[in-house]
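In this text, all values refer to a predicted model and were calculated from it rather than measured experimentally. Values below: every heavy atom of this structure, side chains too, minus hydrogens, waters and symmetry copies.
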Amino acid sequence: MSNSAQTSAGSRIHALLDENSFVEVGAYVTARTTDFNMTGKETPADGVVTGYGTIDGNLVYVYSQDASVMGGSMGEMHAKKISNIYGLAMKMGAPVIGLVDCAGLRLQEATDALHGFGQLYLNQTMASGVIPQICGIFGTCGGGMAVSSAIADFTFMEEKKAKLFVNAPNAIDGNYAAKCDTSSAAFQSEEAGLVDFVGDEAGVLAQIRSLVSILPANNEEDMSYGECTDDLNRACQGLDGYVGDTASALTVISDDQFFMEVKANYAPSMVTGFIRLNGNTVGCVANRTVSYDENGEKKAEYEPVLTSRGCQKAAEFISFCDAFNIPVLTLVNVKGYKADKCSERNIARASAKLTYAYANATVPKVTVIIGQAYGTAYLTMASKAIGTDIVYAWTTASIGMMDSKAAVKIMYADEIAGANDAVSMINEKATEYENLQSSAVAAAKRGYVDDIIKAEETRQRVIAAFEMLFTKREDRPAKKHGTV
């Protein structure tokens, strides 16, 4: 094993992988450039430890950058070692995990290093949608390496020491790190939405292990199934109390209360993450109107509306699930779109991308309407109209164009204006409108909802639906790719 494997780069690999499973590849590779007095410089493993091992017995390929060797900078041979790992991973159909601590481009190697970066981008692009790509950032991840982390499917970041940036905070006009540290884990997870998970080093490595254990190895051979030890017919009593807190609702219905939320800090009104149902990994998307802290205290409230950030977040997640044949479950509680000037710049485009992602996905799709489902925002959230296979609604769900009272005030504006008791008239007409147009029963009568279920039945009914859809096959018109 290379000397660099004894540093933090190597220790991270050993902490990540199953004990004694790591096999190093390319331990003797060093820089070959002789320019700028590089001949006399030691570059053990050229600053990156590469190889393969297992996580819970599943094969994975790993590269871990060593900041003690020229800052972990990307040079020609450094890049070739990573590209070699990608080549092996593609042949074997196994995930690639990058543990990043990189000062950026190695200036002494100039165009050779640039070409190496380009080759890495190409390899990542070819691997996208074929094998999972995971990036863990533990030190500096700047410039071109930041682009690489963004190409990965999931990005993890150490919360205190790690830095992720294309342009350093002090290089941005009118900004500096003390004013707004745009390279911090907090900014990249909460504002940029690039980082999926944040924690200390041990926590990040543990999260990566958990994620790998539930993901397919590649887009053809699914190794993500496990034995279910939970009751498939378990009733989820009190689930109707989680209409707002859908992260908790998903936890309750999942096997053994397992839920791994993705991008939890970004656009929190939209929940994305993975659960287990009957031992199978299921991707989940849900609207959220309230969140709680670790002590159960209410942390924040959100409108039941689609935001541009939330739509973007969900669309990317659905695209990943579709690429790797992971079924998608959607919990719907939405009444429209965010209405403000900032949102209006992007909401049409973002909601179009979410609509496209749902409609384009060919994996099994099940939707449960748990609250409100109004207007075209409801259509976007995995409605029957855009191709969802099975749609359930709780008995308390409301489905239609808009709130019944709001609809009545528009439809009967003249009559209400001349009524002696306008409130009574509004209530009477609203009840009539709800029964005819806005109830779960009304939607079910028209075939837009497949069944009306009790909240506590959700787990067993969703499991049964996905079991029925297990062998689903759906063709799409022949084309190179869509353009949305």
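Defined by atom type and a distance below 3.5 Å, a donor-acceptor pair is missing between the side-chain atoms of Ser184 and Asp181. Between Gln188 and Ser183, the side chains place no donor N or O within less than 3.5 Å of an acceptor N or O (distance only, hydrogens not considered). Checking Ser291 against Tyr302 by side-chain atom types alone, a donor-acceptor pair falls below 3.5 Å. Under 3.5 Å, the side chains of Ser308 and Tyr337 contain no donor-acceptor pair of N or O atoms. Residues Thr54 and Asp18 bring a donor and an acceptor atom of their side chains to less than 3.5 Å of each other.
Taking OG from Ser11 and CG from Leu16, the interatomic distance works out to 11.0 Å, rounded to the nearest 0.5 Å. Distance NZ/Lys335 to CG/Leu306: 12.5 Å, rounded to 0.5 Å. We find the CD1-CE distance between Ile386 and Met381 to be 9.5 Å, quoted to the nearest 0.5 Å. To the nearest 0.5 Å, the span separating CD1 on Ile347 from CD on Gln312 amounts to 11.0 Å. Atom CD of Gln65 is separated from atom NE2 of His78 by 4.0 Å, given to the nearest 0.5 angstrom. In this structure, OG on Ser269 lies 13.0 Å from CD on Glu301, to the nearest 0.5 angstrom.
A donor-acceptor distance shorter than 3.5 angstrom exists from the side chain of Asp196 to the backbone of Thr155, with no hydrogens or angles considered. The backbone N or O of Asn287 lies less than 3.5 Å from a partner atom in the side chain of Thr246, making a donor-acceptor pair. Using modelled atom types, no side-chain atom of Lys161 and backbone atom of Phe138 make a donor-acceptor pair closer than 3.5 Å. The closest donor-acceptor contact from the side chain of Thr281 to the backbone of Ile214 lies under 3.5 Å. A donor-acceptor pair is defined here as one N or O able to donate and one able to accept, closer than 3.5 Å; such a pair exists between the side chain of Lys81 and the backbone of Val48. Proximity of a side-chain donor or acceptor of Lys365 to a complementary backbone N or O of Tyr358 within less than 3.5 Å is detected. Judged purely by atom type and a 3.5 angstrom limit, Ser343 has no side-chain atom pairing as donor or acceptor with the backbone of Thr307. For the pair Asp153 (side chain) and Gln133 (backbone), a donor-acceptor distance under 3.5 Å is present. Counting only distance, with no hydrogens or angles, the side chain of Asn265 and the backbone of Glu190 share no donor-acceptor pair below 3.5 Å. Asn325 places a side-chain N or O within donor-acceptor distance of the main-chain N or O of Asn219, the cut-off being under 3.5 Å.
Aromatic ring centres of Phe470 and Phe466 lie farther apart than the 6.0 Å criterion allows. Between Phe274 and Phe258, the ring centre distance reaches or exceeds 6.0 Å.
The pair Arg288-Glu261 meets the salt-bridge criterion, since a charged nitrogen lies less than 4.0 angstrom from a carboxylate oxygen. Using a cutoff of 4.0 Å between basic side-chain nitrogens and carboxylate oxygens, Arg276 and Asp256 are not scored as salt-bridged. Using a cut-off of 4.0 Å between Lys/Arg side-chain N and Asp/Glu carboxylate O, Glu297 and Lys299 are scored as not salt-bridged. Classification of Lys160 and Glu158 as a salt-bridged pair fails, no side-chain N sitting under 4.0 Å from a carboxylate O. Using a 4.0 Å cut-off between charged side-chain N and carboxylate O, Glu191 and Arg309 make a salt bridge. A salt bridge links Arg209 to Asp56: at least one charged side-chain nitrogen sits closer than 4.0 Å to a carboxylate oxygen.
A heavy-atom distance below 4.5 Å is found between the side chains of Val195 and Leu164. Counting only heavy atoms from C-beta outward, the side chains of Leu59 and Tyr52 approach each other to under 4.5 Å. Within the 4.5 Å cutoff, the side chain of Leu329 has heavy atoms near those of the Leu250 side chain. Contact annotation: the side chain of Leu277 approaches that of Val462 to within less than 4.5 Å [non-hydrogen atoms, C-beta and beyond].
For Tyr242, the OH atom is loosely surrounded, since the number of other residues' heavy atoms within 6.0 Å does not exceed 12. Within 6.0 Å of the CD atom in Gln257, the count of heavy atoms belonging to other residues, nucleotides or ligands exceeds 12.
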_Is there a salt bridge (charged side-chain N to carboxylate O under 4.0 Å, His left out) between Glu344 and Lys338? Walk through the geometry before answering._
CA-CA 8 Å; Glu344 197 62 24; Lys338 181 73 173 176; over 6 Å; no
*Please test Thr330 against Val368 for side chain to side chain contact (heavy atoms under 4.5 Å, CB included), starting from the C-alpha separation and ending with a verdict.*
CA-CA 6 Å; Thr330 305; Val368 183; over 6 Å; no
*asked:* Assess the residue pair Phe320 and Phe154 against the criterion (ring pair (Phe, Tyr, Trp, His ring centres under 6.0 Å)); give the C-alpha distance rounded to whole Å, side-chain angles, the decisive distance to 0.1 Å, and a yes or no.
replied: CA-CA 10 Å; Phe320 173 84; Phe154 297 98; 4.8 Å; yes
*Decide side chain to side chain contact (heavy atoms under 4.5 Å, CB included) for Phe197 and Lys263; before the verdict, give the C-alpha distance in whole Å, the side-chain angles of both, and the deciding distance to 0.1 Å.*
CA-CA 6 Å; Phe197 305 92; Lys263 285 184 169 60; over 6 Å; no
*asked:* Using the rule given for side chain to side chain contact (heavy atoms under 4.5 Å, CB included), can you reason through Val285 versus Val271, listing the C-alpha separation, both sets of side-chain angles and the distance that settles it, and then say yes or no?
replied: CA-CA 5 Å; Val285 177; Val271 176; over 6 Å; no
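Heavy-atom minimum distance, Ser148 versus Leu120: OG-CD2, 3.8 Å. Summarising the geometry of Thr388 relative to Ala382, their closest heavy-atom pair is OG1-O, 2.8 Å, with the distance given to 0.1 Å. The two atoms that bring Ile208 and Gly136 nearest to each other are CD1-CA, 4.4 Å, heavy atoms only. Across every non-hydrogen atom of Val366 and Ala465, the tightest pair is CG2-CB, 3.9 Å.
Using a 30° and 60° split on the angle between ring planes, Phe22 and His14 fall in the perpendicular class, above 60°.
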